[in-house]
Amino acid sequence: MKLIGIADTTFARYDMAKSIIEELGSTGTGFRISRYTVPGIKDLPVASLLLFNTGCDIVIACGMPGRKPVDKISSQVASTGLMEVQLKVGKHIIEVFVHEDEAKDDRELAWLCDQRAREHAINTYNLLFFPDKLTQNAGKGLRQGYADAGDVMG
Ligand code: RDL
Ligand code: RDL
Ligand code: RDL
């Protein structure tokens, strides 16, 4: 039985963890989920580390960087922290960040959060159980949320 950690924030304007839990549940079995919610993205690195310390095999870190320059700096800091934790423990953290200014309005933002969360839930499941599935998609220009960019060979 594998343990999937989900770290998320109260700052985000959409409950991405809910989408992930739903999507994982309809994708397969063989795992349990441990969820840990923190105030904001800069709290995600240590939340992820604590999840690994409780035995998680992989962590999904969900967050929403806001629109302002200060939020973009926070996002960079948070991502760097998530990298440090991954290198320290030698395990993946799938970063599911949706920048608030990626969407034109709240309705699109909600759709994007749900869609990106679900697509990264499947990536997480495959990384853990069927890594060959990612290799089969290498170079395909896949994106999470908006449409795939596609492969330049057409
Ligand atoms: O440790 C408490 C807070 O400092 C931490 O939760 C920060 O991540 C909160 N935060 C900012 O301070 C900020 O300037 C966040 C953002 N911007 C942001 O854009 N998104 C967040 N948190 O999730
Ligand atoms: O951990 C899951 C994702 O966060 C991770 O795979 C990122 O590398 C995906 N990604 C971005 O989030 C992004 O904003 C990528 C790019 N830009 C990019 O330009 N090229 C990528 N990934 O390969
Ligand atoms: O090509 C358009 C988008 O992929 C590009 O604008 C990305 O930077 C958007 N993006 C993020 O900003 C991010 O923080 C993406 C991710 N995370 C991600 O995990 N997957 C994406 N885009 O496809």
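Counting convention: from 1, in listed order, for ligands and their atoms alike. The model shown is predicted, which means the values in this text are computed figures rather than measured ones.
- I6 and M64 fall within the same hydrophobic cluster, defined by Ile, Leu, Val, Met, Phe, Trp and Tyr side-chain heavy atoms under 4.5 Å apart, directly or through other members.
- In this structure, A17 and C62 approach most closely via the heavy-atom pair N-SG, 4.4 Å.
- Checked for salt-bridge contact, D114 and K18 miss the test: no charged N lies under 4.0 Å from a carboxylate O.
- Of all non-hydrogen atoms in K88 and L49, the two that sit nearest each other are CE-CD1, 3.8 Å.
- Not a single N or O atom of P65, backbone or side chain, sits closer than 3.5 Å to an N or O atom of ligand 1.
- Taking every non-hydrogen atom of G66 and a distance limit under 4.0 Å, the qualifying atoms of ligand 1 come out as 18 (C), 19 (O).
- For the pair F11 and ligand 1, the shortest N or O to N or O distance does not fall below 3.5 Å.
- Atom NZ of K91 has more than 12 neighbouring heavy atoms from other residues, nucleotides or ligands inside a 6.0 Å radius.
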Contacts under 3.5 angstrom, residues 69-78 side chains, donor-acceptor by atom type, not counting sequence neighbours:
from	atom 1	to	atom 2	distance (Å)
D71	OD2	R67	N	3.4
D71	OD2	K68	N	3.0
K72	NZ	H99	ND1	3.0
K72	NZ	D101	OD1	3.0
K72	NZ	D101	OD2	3.2
S74	OG	V70	O	3.3

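- For Y14 and E100, the side-chain atoms include no donor-acceptor pair closer than 3.5 Å.
- Of all the heavy atoms of M64, the ones lying under 4.0 Å from any atom of ligand 1 belong exclusively to the backbone.
- Using a 4.0 Å cut-off to heavy atoms of D71, the atoms of ligand 1 that qualify are 13 (C), 14 (O), 16 (C), 17 (N), 18 (C), 19 (O).
- Taking NE2 of H120 as the reference point, atom CG of N123 lies at 6.0 Å (rounded to 0.5 Å).
- The residues lining ligand 2, counting any heavy atom closer than 4.0 Å, are I93, I94, E95, H120.
- When all heavy atoms of F97 and I41 are compared, the closest pair comes out as CZ-CG2, 3.9 Å.
- Ligand 1 has no nitrogen or oxygen under 3.5 angstrom from a nitrogen or oxygen of P39.
- Checked by distance only, ligand 1 and D43 come closer than 3.5 Å through their nitrogen or oxygen atoms.
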